[in-house]
Amino acid sequence: MTDTRFDPAVADERWQRAWTDAGTFTADSDSPKPKSYILEMFPYPSGRIHMGHVRNYTMGDVLARYQKMRGFEVLHPMGWDAFGMPAENAAMEKGVHPGGWTRQNIAQMKAQLQRIGFALDWTREFATCDPEYYGHEQALFADLYEAGLVYRKESTVNWDPVDMTVLANEQVIDGKGWRSGAEVEKRKLNQWFLKITDFADDLLEGLGKLEDWPEKVRLMQENWIGKSQGLEFSFDLSDGGKLPVYTTRPDTIFGASFCAIAADHPIAQGLANDPEVAAFIEACKRGGTKAAEVETAEKLGYRTAITARHPFTGEPLPLFIANFVLMEYGTGAVMGVPGHDQRDFEFATKYELPILRVVATDPARAGDPFKGEAEAGDGVIVNSDFLNGMSVEAAKQEVITRAESGGWGEGRTVWRLRDWGVSRQRYWGTPIPFIHCETCGVVPVPKDQLPVTLPEDVSFDIPGNPLERHPTWKHVDCPKCGAAARRETDTLDTFVDSSWYFLRFASQPADRPFDPEEVAKWMPVQHYIGGIEHAILHLLYARFWTRALAQIGKITVQEPFAALFTQGMVTHETYSRTDPARGVPVFFSPEEVNRTSEGASLLADKAPVEVGRVIKMSKSKKNVVDPDAIIARHGADAVRWFMLSDSPPERDLPWSDAGIEGCARFVQRLWRLFSAYDAAAQGEDKALDRKTHQTIAAVASDIEALGFNKAVARIYELTGMVEKAAPSASRSAAIRALVHLAAPMMPHLAEEAWAKMGEGLIADAAWPAVDPALLVDDEVTIAIQHMGKLRDTVTAPKGASKDTLEALAMASANLQRSIDGAAIRKVIVVPDRLVNIVT
RNA sequence: GCGGGCGUGGCGGAAUGGUAGACGCCGGGGACUUAAAAUCCCCUGAUCCUCGAUCGUGUGGGUUCGAGUCCCACCGCCCGCACCA
């Protein structure tokens, strides 16, 4: 072989075409092989692939290629989460159509992904904005409506009066619309909801079985679902009314010294004809909802003339309207127990209300004063009549039992999770397939009329929903009575689109969303890989949607993703200078900067720039490296190798020029080694055989555990050893093994090498078999310790007896010098490991 | 405030309670070359140094023959949630 350099510019494209032509990665549902479904979170088509995508998809790609080599029929698809606001923003800013803009972005990004050589089944590609896709989604939505899992209700939303649209909470910044900057209003609108709360218990329960999900994500979902158990009961009010409250601490009921209701509680509203009350309610509304504001906000209350009668003592408790009580949670009213709730403590201190101790560490301390804060911890109930001496847990039960038998309250489970509002006053989304008729009410669009497609002729020159003001689109006849009716102009939250796409990848008949039997062959997804930012919303919605479809009999699987992996971000240091006039940093991109080991300077003026922290690549900090440029320069395999090296996949990966250059060098180094392959070499090299087989086994288990950085390190080790080895049959076998080990990670290089030493495509080859006999060394290094400190090492045969090892150790001069004649009290021998002498 | 994670060389990081720093990057020295690139070899935690020794995994304790790893307390950084009764 004469090639001394591997040329990715030629090889990458050659093998990408070879895989496409052979249909290498086309998944066959009818294959008798065991199935493996590998999925990465599909991208939003923003226009460019970024390093985060490359890292995400490289990990999935290694798994997919490895699984294929292990004999699995692999489904590894790709598509586009194509609806959403950026397309409408582009339409407004550039005067382009959202559809055209999105399609163009998809074409660009697909070409980019193909240049990285991912083992994707492109025959299953789709975009959520394809009418074929969202039409099936509309059908599923209608099915869920029929099953009672979709409903409409009036709810309060964030309304941007300038853009004339509903905003998600995340789009409200300091009370203003993120685009328009206008003061956001609270509006009551009729909205579509999905009944996710029906599944709250099941979604929570299911988390316990997701053993291959990160603990962190499970906890985040658990907190989000927010199950709490307590007592709901009613106070009799002095004005003759009743006040239902909810508490998780019924055990502290004897410590209650006031009641408080939310500003938008009906009782507070009823008092609002008093101008003082009205003013207080207004003041509460003005209070910000931002985390920082909430934390520092003072507890404020308005004392009404009403009192509430304590259910056990009969004491009258003052009723306050308070700014810290939320109408959305529980009953919008609380009993205040200042001794054992920090908020109530602050409130009681300000308004000089009694602070009673009803829980103490032991009964003798029932009179202890509080030390400036509430005591929310466990203990024994005191100062509480019949509850005295009980544990907190027992007292909770006792109070609930008495309330239930007395008929004035009952045990209740309350969830933090709310039903999922899916209405968006937007154009670029799935039209909600319903028609509003004066006489028939809300009528689903008949299935044979789906999809309800988006009109093409829309304008974005003025704010608001283009569907709403389209001249003809919304005017339709009622499917039931035929009278003139109005089409729903809201579209679905794009999270709906991503809640079932993995099912459509598994099976895509034309006439139905998916085929249940086909889906059952592939689901659940074996490895789902994506960013931690989707820990709650997307992953919770997808789990819910899967359950909902199972409940209405569409599928049998309950959990969509058997294992979840959340990968770290790709980061880069930042380069900046402080603008002397405005005092703010001005950032420079890596291309504008000359980075040396000492520091960094701007290429333009040679003057230094400040090297900032290593943070996530972002346009605003200009610390972005474009994958295309890197691939053009170093080839796809070097980039893939970099993505897998060094950092554990769940942690952040700092990008560096030196790092990618090192990877490119290693690609060439491997190429030289592969080029030196000699099929005819003779002779055995037992040590190398051992190393080869140990490496094959270790790389396999590392990949299976997604420990790509460790697999990479082992490949480096074996490479080093093979390079130093003399020619032999063992060395040739090691080189062949290395091609296989490299194949999932550096597929183009591996194919190029395999073309010269093997048959067919390495992508189709089997993972090399391991000889168990070669996995164990016949010689081991034994550590010789004195008092646990290393004094010497010695080589011994594997499995040597304890006596042999002890004798070997005692013969060590270094050990004897350390012992220095002291009496030996104990000898610890760990076979094949160490000998420790205790004196 | 609540919940979670992480602290190991100049850097990214290895290490079933058993030789800390595998592997990579950076750096230093050398070989080859007219020269450079490429490649190859050696060194590279700190201190004292001749063998070798001492110290060393955020800090302080503890368990153990032996602790980066287990336990307790603390410090720092990062992430998520947050007036959820």
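Everything quoted here is computed from the prediction, not taken from an experiment. Letters A, B, ... are given to chains in the order of the sequence lines, protein chains preceding strands, and every chain is numbered from 1.
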Find the partner of [N]: check Watson-Crick (N1-N3 plus N6-O4 or O6-N4) and G-U wobble (N1-O2, O6-N3) distances, both under 3.5 Å, and reply none if neither fits.
| N | value |
| --- | --- |
| B:C2 | B:G80 |
| B:C25 | B:G10 |
| B:G60 | B:C72 |
| B:A46 | B:U54 |
| B:A35 | none |
| B:U16 | none |

Original post:
So among A:Thr719, A:Leu718, A:Val712, which one has a side-chain contact (heavy atoms from CB on, under 4.5 Å) with A:Tyr716?
Top reply: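 Option passing the side-chain contact (heavy atoms from CB on, under 4.5 Å) with A:Tyr716: A:Val712.
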[atom1] spacing across the pair [N] / [M], given as an integer number of angstrom:
| N | M | atom1 | answer |
| --- | --- | --- | --- |
| B:C25 | B:C41 | P | 13 Å |
| B:G5 | B:G58 | C1' | 16 Å |
| B:C40 | B:G45 | C1' | 27 Å |
| B:G7 | B:C43 | C1' | 29 Å |
| B:A37 | B:A31 | P | 15 Å |
| B:G17 | B:G3 | C1' | 29 Å |
| B:A53 | B:A15 | P | 28 Å |
| B:G9 | B:G68 | C1' | 14 Å |

At 4.0 Å (heavy atoms only), tell me whether [X] reaches a base, stays on the sugar-phosphate, or touches nothing.
| X | answer |
| --- | --- |
| A:Ser656 | nothing |
| A:Glu222 | nothing |
| A:Val325 | base |

Original post:
With respect to the phosphate group of B:A38, does any side-chain polar atom (N or O) of A:Arg665 fall under 4.0 Å of OP1 or OP2?
Top reply: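 Negative; the distance criterion is not met.
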Original post:
Under 4.0 Å: is that the gap between some side-chain N or O of A:Arg416 and OP1 or OP2 of B:A85?
Top reply: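 Looking at the OP1 and OP2 atoms of B:A85, neither is under 4.0 Å from any side-chain N or O of A:Arg416.
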Kindly compute the distance separating [atom1] ([X]) from [atom2] ([Y]), expressed to the nearest 0.5 Å.
| X | Y | atom1 | atom2 | result |
| --- | --- | --- | --- | --- |
| A:Trp224 | A:Ile536 | CH2 | CD1 | 5.5 Å |
| A:Glu650 | A:Thr566 | CD | OG1 | 8.0 Å |
| A:Tyr329 | A:Tyr246 | OH | OH | 5.0 Å |
| A:Met51 | A:Ile630 | CE | CD1 | 5.0 Å |
| A:Asn836 | A:Glu806 | CG | CD | 11.5 Å |
| A:Thr574 | A:Lys616 | OG1 | NZ | 15.5 Å |

Check: protein-nucleotides 52-57 of chain B nitrogen or oxygen pairs below 3.5 Å:
{"unit_1": "B:U54", "atom_1": "OP1", "unit_2": "A:Arg791", "atom_2": "NH2", "d": "3.4"}
{"unit_1": "B:C55", "atom_1": "OP2", "unit_2": "A:Lys789", "atom_2": "NZ", "d": "2.9"}

**OP:** Measure from the side-chain heavy atoms of A:Arg418 and tell me the nearest of B:C40, B:C83, B:C84.
**Re:**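 Looking only at side-chain atoms, A:Arg418 lies closest to B:C84.
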Original post:
A:Gln785 side chain: which of B:A85, B:C83, B:U19 is closest?
Top reply: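 Selected nucleotide (nearest to the side chain): B:U19.
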Original post:
Relative to each other, are the rings of A:His538 and A:His534 parallel, tilted or perpendicular (30° and 60° limits)?
Top reply: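 Because their plane-to-plane angle is over 60°, the rings of A:His538 and A:His534 count as perpendicular.
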Original post:
When the ring planes of A:His310 and A:Phe254 are compared, do they come out parallel, tilted or perpendicular, using 30° and 60° as the limits?
Top reply: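 Tilted: the ring planes of A:His310 and A:Phe254 meet at 30° to 60°.
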**OP:** Using side chain to side chain donor-acceptor pair (under 3.5 Å) as the criterion, point out the one residue from A:Lys798, A:Gln694, A:Arg690 that pairs with A:Asp777.
**Re:**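 So, applying the side chain to side chain donor-acceptor pair (under 3.5 Å) to A:Asp777 and each of A:Lys798, A:Gln694, A:Arg690, only A:Gln694 qualifies.
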**OP:** State whether the number of non-hydrogen atoms from other residues, nucleotides or ligands found under 6.0 Å of A:Arg633 atom CZ is greater than 12.
**Re:**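 No, the 6.0 Å shell around CZ holds no more than 12 heavy atoms from other groups.
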Original post:
Is the CD atom of A:Glu410 crowded by more than 12 outside heavy atoms at less than 6.0 Å?
Top reply: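 For A:Glu410, atom CD is not crowded (no more than 12 foreign heavy atoms under 6.0 Å).
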Original post:
When you match A:Glu723 and A:Gly330 each to their closest nucleotide on RNA chain B, which lands nearer the 5' end?
Top reply: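 The answer here is A:Glu723.
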Original post:
Between A:Asp344 and A:Gln668, which has a closest nucleotide on RNA chain B that is more 5'?
Top reply: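 With A:Asp344 and A:Gln668 compared, the 5'-side residue is A:Gln668.
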How close or far is atom [atom2] of [N] from atom [atom1] of [X], stated in whole angstroms?
| X | N | atom1 | atom2 | result |
| --- | --- | --- | --- | --- |
| A:Arg825 | B:G66 | CZ | C1' | 13 Å |
| A:Lys299 | B:C84 | NZ | P | 8 Å |
| A:Leu673 | B:C40 | CG | P | 11 Å |
| A:Ile784 | B:G18 | CD1 | C1' | 14 Å |
| A:Arg343 | B:C84 | CZ | P | 4 Å |
| A:Phe345 | B:C83 | CZ | P | 21 Å |
| A:Gln221 | B:C79 | CD | C1' | 16 Å |
| A:Arg651 | B:G12 | CZ | P | 10 Å |

Subject >> Sequence-distant partners of A:Phe233, ring pair (Phe, Tyr, Trp, His ring centres under 6.0 Å), two or more places apart >> reply: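 By the ring pair (Phe, Tyr, Trp, His ring centres under 6.0 Å) rule, A:Phe233 matches A:Phe235, A:Trp408.
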**OP:** Under 4.0 Å from any atom of RNA chain B, heavy atoms only: list the residues of residues 693-705 of chain A that qualify, in numerical order.
**Re:**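 Heavy-atom contacts with RNA chain B come from no residue of residues 693-705 of chain A; none.
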Subject >> Positions of residues 828-839 of chain A (non-hydrogen atom under 4.0 Å from RNA chain B), listed by number >> reply: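 Under 4.0 Å from RNA chain B: A:Ile828, A:Val830, A:Arg833, A:Leu834, A:Asn836, A:Val838.
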Check residues 816-823 of chain A and write down every donor-acceptor pair under 3.5 Å in which the side-chain atom is one partner and the other belongs to a residue at least two apart or another chain.
{"unit_1": "A:Gln816", "atom_1": "NE2", "unit_2": "A:Met810", "atom_2": "O", "d": "2.8"}
{"unit_1": "A:Arg817", "atom_1": "NH2", "unit_2": "A:Asn814", "atom_2": "OD1", "d": "2.9"}
{"unit_1": "A:Ser818", "atom_1": "OG", "unit_2": "A:His786", "atom_2": "ND1", "d": "2.8"}
{"unit_1": "A:Ser818", "atom_1": "OG", "unit_2": "A:Arg791", "atom_2": "NE", "d": "2.8"}

Original post:
Do A:Arg5's NZ or CZ and the ring of A:Trp671 fall within the cation-pi criteria of under 6.0 Å and 45°?
Top reply: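 No, A:Arg5 does not sit over the ring of A:Trp671.
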Original post:
Taking the six-membered ring of A:Phe370 as reference, does the NZ or CZ atom of A:Arg357 fall below 6.0 Å from its centre and within a 45° cone about the axis?
Top reply: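 Because its charged atom sits under 6.0 Å from the ring centre and within 45° of the axis, A:Arg357 does stack over A:Phe370.
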Original post:
Is B:G9 in the syn range, within 90° of 0, or in the anti range?
Top reply: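 It is syn.
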Measure all distances between protein nitrogen or oxygen atoms and nitrogen or oxygen atoms of nucleotides 21-24 of chain B, and list the pairs falling under 3.5 Å.
{"unit_1": "B:A22", "atom_1": "O2'", "unit_2": "A:Glu717", "atom_2": "OE2", "d": "3.3"}

Subject >> Heavy-atom pair with the smallest gap, counting every atom of A:Pro649 and A:Phe708 >> reply: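 Of all heavy-atom pairs spanning A:Pro649 and A:Phe708, the closest is CG-CD1, 4.0 Å.
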